[in-house]
Amino acid sequence: MTTAPTTHTSPEPGAPRHFIRQLIDQDLAAGKRDGQVITRFPPEPNGYLHIGHAKSICLNFGLAKEYGGRCHLRYDDTNPAAEDVEYVDAIEADVRWLGFDWGHHHYFASDYFEALYGYAVELIEKGLAYVCDLSAEAFKDYRGVPTRPGTESPSRNRPVAENLDLFQRMRAGEFADGQYVLRAKIDMASPNLHLRDPTLYRIKRIHHHRTGDQWCIYPMYDFAHGISDAIEGITHSICTLEFEVHRPLYDWILDHISVPCHPQQIEFARLNLTYTVMSKRRLLNLVREGYVSGWDDPRMPTLCGMRRRGYPPAAIRTFCETIGVTKYDSMTEMELLEHSVRAELNRTSLRRLAVLDPLRVVITNSEDAERHVVEAVNNPEDETAGKRPVAFTSEIYIDRADFAEEPPPKYFRLAPGKSVRLRYAGFLTCERVEKDAVTGTVQTLYCRWDPPEAKVKVKATIHWVSASASACAEVRLYDRLFTVADPMDDPERDYTELINPDSLRVVQARVESALAEAEPGEAFQFERVGYFCVDAKDSRPGAPVFNQVVALKDSWKPGKT
RNA sequence: UGCCGGAUGGUGUAACGGUAGCACAGCAGACUCUGAAUCUGUUUGUCUAGGUUCAAAUCCUAGUCCGGCAACCA
């Protein structure tokens, strides 16, 4: 265990002083908890992590690192009905991938079941909890509504000894599921519904992913969470805004039992991103209904989806710092995330030539252009990335978008009679256009080639690929998953009706031959097109599959004068 | 019409009684063997009404609007 040094200011002075950092600064200045900062990331293993969780992960692990403390990974596995080991492994992989390390501080709330039981007994002994025989349905009426106080349960004044006996028998499995619950005895008239004798334990005969059938009673979140925090010595228990009304209960529980410390719950606003949905339930639905290929579909806002898409973890971390931390709801534009991704990939990715929509070009003066090897820069942002040879032949492909039979104003690319520069490989002048007699589609361009020394006056450079010395590749192009910025905002239509039918487009591209052997997960910039990542699942040596990470920005607009 | 929280450009945020700043997006330009990157410039903002103060995004009062809360979910 690491004991944090007593630092009274954050070692990251450049970072924005969002309210949680300010709060911690104050706590440290006041000498609270010996100047320690111990946080935790507490996922429930019932689904995959998404970019919203990344905000929480970056916050919790980031704060711990910043203040020289530590962050625990703890599974909130108190409801076996929804939880599964499948998710435990996936969550760990995602947190690691994001770049964080919990060391040996890897816990499960289920590790504390025995301790939790003991604290429940303590509460009963103090007359602060009772076994209630009201059904969930029945208690609904007793609880009352926000504007009206509730009614006390008939079980409320059950003697301590009887409560103790009943609770012990609940554990022993003498009762049916739902027959009894353990309740905190707080205040049925409280304006905060969570204080109206909340359930602490329920009977559930469900196999738990870790404790098996050892228990048939399981603690509720509100009871388990704060105590787990206290057991682990958490100093700042950071959660999302909807738990704000739970805080009085969090504090009540810790105030009435003999725990070693009383962590402070702090709430922040969860992340909302445009053109996607973020709830586990809806994400699960997208998977189950086949709208996407799985949790790791590159269109999903899940961390595994983003990993497969090719988003660098560093970009996600930068993004999470950029969006800040506040207490009010907001909707962050996807463009901000994409900006972080482009910035990172621009810095790090190797450049390659690839033609997504190939148009055949025959070089007419082929004696000059038969077969050259040109030298291409691997990454202009990083000199150490070096250069590579690229084959240039008398028959090449260019992108259809780079030729216009009738060029609009300010179109700088290839057109009949016009010239362009070929990236790293001289110049092309279009002499003749061959079209399909029936459809009128342009089939082949016949062009004259001039070497780089020719210094032909051109206003554009286009990318290309040799026809013979290139490879075929499947390229998956992605667009937003939904057609509207906030799919949950339309009361008239279900979010599934707003799914973008064109969010995935698959094309057969021609790529530099070296790309055929690229490693899964490797990301490249296809010059002038975008960033692309070798698909980790479907790509094979010799039969590569690329996922579009994000397109390059394109300031060219046809209508522009 | 109960309780809790909140409100700064199109979006995300900063300013903690003293010049409303930054980033994204947009627009315009410079540069360019990527119409990328980079650089420059620029449009747009303190929810409303009162009050305190030499001075208010910031403090006070009232209102408006938004979010959350009535699982044996987390």
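Keep in mind that this is a model prediction, so the values were computed, not measured. Here is how names work: the chains are called A, B, and so on, in the same order as the sequence lines, proteins then strands, and each is numbered from 1.
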| query | What string of B, S and - do you get for nucleotides 63-74 of chain B, 5' to 3', when a contact is any protein heavy atom under 4.0 Å? | reply | ----SBSBSBSB
| task | Starting from P on B:U13, measure out to CD on A:Glu335 and report it in whole angstrom. | result |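 Interatomic distance, CD of A:Glu335 to P of B:U13: 15 Å.
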| If you draw the axis of the six-membered ring of A:Tyr130, does the NZ or CZ of A:Arg183 fall within 45° of it and under 6.0 Å from the ring centre? |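 Geometry flag: not set, cation outside 6.0 Å or 45°.
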| field | Quiz item: cation-pi between A:Arg282 and A:Tyr495, 6.0 Å / 45° | value |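 Pair A:Arg282/A:Tyr495 counts as cation-pi.
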| field | P gap between B:C16 and B:A57, integer Å | value |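 Comparing P positions in B:C16 and B:A57 gives a spacing of 12 Å.
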| message | Tell me every residue that passes salt bridge (charged side-chain N to carboxylate O under 4.0 Å, His left out) with A:Arg202, counting only those two or more places apart in sequence or in another chain. | response |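 Partners of A:Arg202 under the salt bridge (charged side-chain N to carboxylate O under 4.0 Å, His left out) test: none.
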| message | Does A:Glu333 contact B:G10 through a side-chain donor or acceptor facing the base, at a distance under 3.5 Å? | response |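 Such a pair is found, so the answer is yes.
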| query | Does B:A70 sit syn or anti, given that only angles within 90° of 0 count as syn? | reply |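 Classified anti.
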| field | Per A:Lys327 side chain, nearest of listed nucleotides B:U34, B:G6, B:A14 | value |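 Within the option list, the nearest is B:G6.
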| query | If you check every side-chain atom of A:Tyr328, which of B:U34, B:G12, B:G6 has the closest atom? | reply |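 The closest nucleotide is B:G6.
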N/O to N/O distances under 3.5 Å, protein versus nucleotides 38-40 of chain B:
none

| message | Counting the atoms with a prime plus P, OP1 and OP2 as sugar-phosphate, which does A:Glu267 contact under 4.0 Å by heavy atoms, base, sugar-phosphate, or nothing? | response |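 The answer is nothing, as A:Glu267 stays clear of every strand by at least 4.0 Å.
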| field | Structure string for RNA chain B in dot-bracket form, Watson-Crick and G-U at under 3.5 Å, | interchain | value | .((((((..((((....[..)))).(((((.......)))))....(((((..]....))))))))))).....
What side-chain donor-acceptor pairs closer than 3.5 Å can you find for residues 145-153 of chain A, not counting sequence neighbours?
from     : atom 1 : to       : atom 2 : distance (Å)
A:Glu152 : OE2    : A:Arg156 : NH1    : 3.3
A:Ser153 : OG     : A:Ser155 : N      : 3.1

| message | For residues 75-85 of chain A, which residue pairs pass the salt bridge (Lys or Arg N to Asp or Glu O under 4.0 Å) check, not counting sequence neighbours? | response |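 Those involving residues 75-85 of chain A do not exist here.
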